[in-house]
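Worksheet for the structure shown next.
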Amino acid sequence: MKAGVSTACLYPMEIENAFRQLAESGVKTAEIFINSHCELSDPYRGEMLAVQKEYGVDVVSVHPYTCGIEPMMLFTAYERRVTDMLDYYKRFFDYMNLFGAEFFILHGNKNQNPFPDEKYFERYLRLQETAAEFGVCVVQENVSRCTSKSLEFLVEMKNALGGKAAFVLDTKQAHRSGTTPLEMVRALGGNIKHVHFSDFGAAGDCLKFGFGEYDNLALFTELKNCGFNGKLIIELYRGSHNGAEDLAENCRTLNDFLAKNNL
């Protein structure tokens with residue numbers, strides 16, 4: 001396993017500046033959070049690629065700003081919207097290819113938008129098949145305000161789609177949904193391909209590694225036992241850290257912990 005940092009941690013800083021600050025601070029593994037449509041194109045895309053080349057940053061994943069409209073565009077009875085969204089997400093997949101990113105983050109539907117589970121899985125599969133044309137993988141994130149907050153739903157998705165179902169475990173969102181991250185790993189196992197990490201304890205659910213009391217060693221060990229050898233992306237809100245250098249230092253601390261424990 002290896003730890004990295006999401007550019008989302010520095011929001012609302014523009015992503016090219018956030019990416020450069022993280023790279024200059026020594027972050028070698030990153031997730032890019034696209035905050036606006038224009039960032040998929042030059043000059044912003046070119047600036048990001050230049051930073052990646054200069055500092056040798058491994059971009060493993062991309063998170064779209066469009067998660068808020070996924071219920072309307074993907075989980076709808078209006079087929080034209082679905083077609084449009086699948087076509088639009090090809091721009092993200094093409095962007096990912098330029099950076100060598102493997103995972104595309106999906107929030108999915110919201111509970112306020114009733115949609116049959118079997119149809120949900122069919123839409124996810126269509127998106128996954130579209131992504132596969134570009135050699136990338138769509139990972140369903142557990143999000144407390146979405147249908148995916150339910151571990152029962154995610155297990156049903158895993159059972160329905162088998163190896164075609166891929167998940168990103170978000171530790172803070174698990175806690176906010178009333179499920180521990182360890183429970184999620186035990187239930188979803190090898191279908192977990194990516195992790196959004198924050199520590200958890202008396203001070204909150206969006207803490208730097210080592211600032212909470214959660215048994216992260218047990219969590220990481222269970223991930224390893226399930227065959228996970230991917231990336232733990234630190235994803236913190238702006239008030240939970242003191243900037244790029246603080247994030248980079250915490251990332252080094254987490255990587256040292258992983259190495260020390262042979263994870």
Side-chain angles (χ1 to χ4, degrees), residues 1-11 13-35 39-40 42 44-65 89 91-106 131-132 134-141 166-171 190 192-198 208-209 216 219-220 223-224 226-236 241 243-263:
M1 298 182 211
K2 184 176 291 185
V5 182
S6 172
T7 61
C9 296
L10 295 173
Y11 181 87
M13 183 185 296
E14 294 84 355
I15 63 166
E16 67 275 14
N17 296 327
F19 192 51
R20 176 171 288 279
Q21 285 196 16
L22 291 173
E24 289 175 344
S25 299
V27 172
K28 292 297 184 182
T29 303
E31 177 171 296
I32 294 175
F33 195 117
I34 301 291
N35 290 308
E39 293 167 354
L40 292 169
D42 292 333
Y44 310 111
R45 179 180 59 187
E47 291 181 45
M48 299 282 286
L49 286 167
V51 170
Q52 182 187 37
K53 182 177 180 180
E54 181 179 357
Y55 291 94
V57 181
D58 178 19
V59 175
V60 297
S61 49
V62 167
H63 198 312
Y65 73 97
Y89 272 167
R91 299 192 60 168
F92 285 85
F93 303 152
D94 184 62
Y95 180 96
M96 292 170 67
N97 283 172
L98 294 174
F99 288 87
E102 182 178 3
F103 299 114
F104 179 80
I105 313 300
L106 177 74
F134 293 79
V136 300
C137 177
V138 177
V139 284
Q140 171 70 66
E141 184 174 13
F167 302 105
V168 49
L169 165 65
D170 188 304
T171 60
I192 296 176
K193 305 299 182 184
H194 191 54
V195 174
H196 286 164
F197 177 80
S198 56
K208 291 184 294 184
F209 171 71
N216 290 309
L219 173 62
F220 300 155
L223 278 167
K224 181 179 179 180
C226 291
F228 181 83
N229 63 349
K231 306 302 189 295
L232 307 171
I233 298 296
I234 295 171
E235 189 186 62
L236 302 174
H241 61 84
E245 291 187 3
D246 189 29
L247 290 164
E249 178 60 32
N250 196 239
C251 185
R252 286 189 287 271
T253 300
L254 178 48
N255 273 320
D256 289 344
F257 179 86
L258 295 170
K260 177 182 176 181
N261 290 283
N262 297 311
L263 296 166

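Keep in mind it's a predicted model, so treat the numbers as computed, not measured.
- Between F104 and P64 there is a side-chain heavy-atom pair separated by less than 4.5 Å.
- The two residues S6 and L22 make their nearest non-hydrogen contact at O-CD1, 4.0 Å.
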Checking side-chain contact (heavy atoms from CB on, under 4.5 Å) for the pair N229/M1: CA distance, chi angles, key distance, verdict? CA-CA 5 Å; N229 63 349; M1 298 182 211; 5.5 Å; no
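- Comment: R45 engages D42 in a salt bridge, judged by a side-chain N to carboxylate O separation of less than 4.0 angstrom.
- V138 and A131 make their closest contact through CG2-CB, 3.7 Å (heavy atoms, listed as atom of the first residue, atom of the second, distance).
- The structure places CZ of F103 at 13.0 Å from CZ of F167, a figure rounded to the nearest 0.5 Å.
- The structure places CD1 of I34 at 11.0 Å from CZ of R91, a figure rounded to the nearest 0.5 Å.
- When atom types are taken as modelled, the side chain of K224 and the backbone of L219 share no donor-acceptor pair closer than 3.5 angstrom.
- In this structure a side-chain-to-backbone donor-acceptor pair under 3.5 Å is present from K28 to Y55.
- Going from atom CG of L258 over to atom CG of L254 covers 4.5 Å, rounded to the nearest 0.5 Å.
- Between F220 and F197, a ring centre-to-centre spacing shorter than 6.0 Å is recorded.
- Side chains of I233 and V195 form no contact here, defined as non-hydrogen atoms less than 4.5 Å apart.
- A 4.5 Å side-chain heavy-atom check between V139 and L106 finds every atom pair outside the cut-off.
- Ring geometry for F93 against Y89 counts as tilted: the plane angle lies between 30° and 60°, on a 0 to 90° scale.
- Side-chain contact between I105 and V62 is absent, with no heavy-atom pair separated by less than 4.5 Å.
- Between D58 and K2 there is no salt bridge, since no side-chain nitrogen of the basic residue lies less than 4.0 Å from a carboxylate oxygen of the acidic one.
- In this structure, E31 contributes its side chain and V5 its backbone to no donor-acceptor pair below 3.5 Å.
- Put simply, the side chain of L49 reaches to within 4.5 Å of the side chain of Q52, judged on heavy atoms.
- Ring centroid separation for the pair F257 and F209 comes in under the 6.0 Å cut-off.
- Ring orientation note: the planes of F92 and Y65 are tilted relative to one another, at an angle of 30° to 60°.
- In the model, H194 has no side-chain atom that pairs as donor or acceptor with a side-chain atom of E141 under 3.5 Å.
- Taking every heavy atom of both residues into account, K193 and A166 meet most closely at CG-CB, 3.8 Å.
- A distance-only check finds a donor-acceptor pair linking the side chain of N97 to the backbone of F134 [under 3.5 Å].
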With side-chain contact (heavy atoms from CB on, under 4.5 Å) as the criterion, how do N216 and T171 come out once you've worked through the C-alpha distance, each side chain's angles and the decisive distance to 0.1 Å? CA-CA 10 Å; N216 290 309; T171 60; over 6 Å; no
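- Formation of a donor-acceptor pair under 3.5 Å by the T7 side chain with backbone atoms of F33 is found in this model.
- Heavy atoms of other residues, nucleotides or ligands lying less than 6.0 angstrom from CD of E245 number 12 at most.
- To the nearest 0.5 Å, atom CG of residue N17 and atom CG of residue L10 are 10.0 Å apart.
- Atoms CD and CD, from E14 and E39 in turn, are 8.0 Å apart once rounded to the nearest 0.5 Å.
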I'd like to know whether N255 forms a side-chain contact (heavy atoms from CB on, under 4.5 Å) with L232, so could you lay out the CA-CA distance, the side-chain angles of the two residues, the decisive distance to 0.1 Å, and finally the verdict. CA-CA 9 Å; N255 273 320; L232 307 171; over 6 Å; no
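- For the pair H196 and L169, the minimum side-chain heavy-atom distance is 4.5 Å or more.
- Taken from OG in S61 to CD1 in I32, the straight-line distance is 8.5 Å, to the nearest 0.5 Å.
- A salt bridge links E54 with R20: the closest approach of a Lys/Arg side-chain nitrogen to an acidic carboxylate oxygen falls below 4.0 angstrom.
- When all heavy atoms of C9 and L247 are compared, the pair lying nearest together is CB-CD1, 3.6 Å.
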Assess whether side-chain contact (heavy atoms from CB on, under 4.5 Å) is satisfied between V51 and M48, documenting all intermediate values. CA-CA 5 Å; V51 170; M48 299 282 286; 5.8 Å; no
